[in-house]
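Reading through the structure tokens given below for one structure.
Along the sequence shown, the residues carry numbers beginning at 1.
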Amino acid sequence: MKVLVTGSAGFIGFHVAKALLERGDEVIGLDLFTEYYAPVLKARRNEMLEAYDGFTCVRGDIVDMDVLTSAFDQLGSGEDTRVCHLAAQAGVRHSIEHPDEFNRDNVAGFGNVIELCKVREIAGLIYASTSSVYGDNKDFPLREDSNTDHQASLYGMTKKANELQASVYNTLFGMHCTGLRFFTVYGPWGRPDMALFLFTDAVLRGHAMNIFGHGKMSRDFTYVDDIVAGVVAALDRNYSYEIINLGCGRTEELMDFVSTIEEACGKEGRKEFLPMQQGDVVRTGADISRAKELLDFDPKTQIAVGVPNFVRWYREYHGI
């Protein structure tokens, strides 16, 4: 296939692009290299992708139609073309303080991408949604048909808007659109604003871990390699219209997650327990039966393996 991966220098985008290149697909990577977190980390990921003959990097903004059109020009059209849209402004708490960025990047940017998919007759659009669309839902495990009418964050709201627009484009224009609801993705080359990165950094450097919700939260932690397998399967299957959970299918207590980090680091960390933050939810947990049925999705990596993998990468990357 020939795939345009937006957000190719981001955490998940990098891993997806790398997997596609390694199996022989051609990848056009589009990324703005924003300063939301260390651009040097994004540059390092991009350097690894640039080493592949089948990779082309386009630097620019999905809101800039000239840049986006240039990327689509390189993609072309036809049955072998796909767009894997992973570029977005992330961060539940960041969305509360900077709603303009989320409306711009996640709503307007997505609108540009899906409209060009329609105009250029791209065979399929696979895009990142999120478990945040479920809000603080108590209907566990969370299923694709669980209620998503009550959002807990602006970030979740923007991703729900993406799902609704994809549904409209499928209904009106027959566009193939698959939305993937990611559940707490972690692993090597991860984002510095996420819990695993922050906790590992704090333990190794002797700083206090800020543990919100007084530690009484739980998450469906999903290893990045498992997420990539689901994304690639969605690109290959290219269903007419689907919304699919991609999670581990197992909920872990936050303090068990912290203990696993400490064990991998070889020492106990200092802890500061804090109240819940705005936009946070107490629990997530995915029903992945639909992913198993439609994508042969079979997540294999539990935190006992995934967390030490991350810590090893973190030590190497930072020379610790």
Q.
Side-chain heavy atoms nearer than 4.5 Å, only ILVMFWY residues, links allowed to pass through others: does that put L49 and I12 together?
A. yes
(Q) In terms of relative ring orientation, are F257 and Y186 parallel, tilted or perpendicular, with 30° and 60° separating the classes? (A) perpendicular
(Q) Please determine whether a side-chain nitrogen of the Lys or Arg among D31 and R45 lies less than 4.0 Å from a carboxylate oxygen of the Asp or Glu. (A) no
Q.
Using a strict threshold of under 4.0 Å (side-chain N to carboxylate O), is an ion pair present between R104 and D100?
A. no
Q | Partner set under salt bridge (Lys or Arg N to Asp or Glu O under 4.0 Å) for E242, not counting sequence neighbours | A | R290
(Q) Can you give me the closest heavy-atom contact between G215 and M255, atom names plus distance? (A) O-CG, 3.6 Å
Q: Answer yes if the side chains of S146 and N137 hold a donor-acceptor pair under 3.5 Å, and no otherwise.
A: no
Q. Could you walk me through whether K159 and E163 pass the salt bridge (charged side-chain N to carboxylate O under 4.0 Å, His left out) check?
A. CA-CA 7 Å; K159 289 298 189 174; E163 295 181 0; over 6 Å; no
Q: Salt-bridge test for E115 and K118: reply yes if a basic N is under 4.0 Å from a carboxylate O, no otherwise.
A: yes
(Q) Please find the pair of heavy atoms, one from V185 and one from V224, that lie closest to each other, and give the distance. (A) CG1-CA, 3.9 Å
Q. Counting N and O atoms only, with roles assigned by atom type, does the side chain of T284 sit under 3.5 Å from a partner on the main chain of D220, one being a donor and the other an acceptor?
A. yes
Q: Could you tell me whether the side chain of E144 and the main chain of N245 form a donor-acceptor pair under 3.5 Å?
A: yes
Q: Please report the shortest heavy-atom distance between K216 and V282, naming the atom on each side.
A: O-CG1, 3.8 Å
Q | Y239 side-chain N/O to L294 backbone N/O, donor-acceptor pair under 3.5 Å | A | yes
**Q.** Short side-chain to backbone donor-acceptor contact, N309 and P188, under 3.5 Å
**A.** no
Q) Any idea which heavy atoms bring Q302 and C248 closest together, and the distance? A) OE1-SG, 3.8 Å
Q. Under 4.5 Å between any side-chain heavy atoms of D298 and D296, yes or no?
A. no
Q.
Running the 4.5 Å side-chain criterion over Ile, Leu, Val, Met, Phe, Trp and Tyr, what cluster does L142 land in, apart from itself?
A. V133, Y134, F140, F183
(Q) In this structure, would F55 and L32 fall into the same cluster of hydrophobic residues linked by side-chain contacts under 4.5 Å? (A) no
Q. Under a 4.5 Å cut-off applied to non-hydrogen side-chain atoms, are D236 and M1 in contact?
A. yes
Q. Hey, mind stepping through E272 and R270 against salt bridge (charged side-chain N to carboxylate O under 4.0 Å, His left out) and telling me if it holds?
A. CA-CA 7 Å; E272 183 172 354; R270 293 191 294 117; over 6 Å; no
Q: Can you see which heavy atom on C84 is nearest to which on V231, and at what distance?
A: SG-CG1, 3.7 Å
**Q.** Cluster link L164 to I126, ILVMFWY, side chain under 4.5 Å
**A.** no
Q: For the pair R120 and D73, find out whether any cationic side-chain nitrogen is under 4.0 Å from an anionic carboxylate oxygen.
A: yes
Q | Check: Y155 main-chain N/O paired with T158 side-chain donor or acceptor under 3.5 Å | A | yes
(Q) Tell me if the centroids of the rings in H98 and F102 come within less than 6.0 Å of each other. (A) no
Q) Angle class for the Y314/F310 ring planes (parallel below 30°, perpendicular above 60°, tilted otherwise)? A) tilted
Q: Could you tell me whether R181 and D287 make a salt bridge, using a distance below 4.0 angstrom between a side-chain N and a carboxylate O?
A: no
Q) Distance only, no hydrogens: is a donor on one side chain within 3.5 Å (strictly under) of an acceptor on the other, for N46 and S8? A) no
Q: Mind telling me whether W189 and W313 have parallel, tilted or perpendicular rings, with 30° and 60° as the class edges?
A: tilted
Q: Taking all non-hydrogen atoms of both residues into account, name the closest pair between V58 and Q74 and its distance.
A: CG2-NE2, 3.5 Å
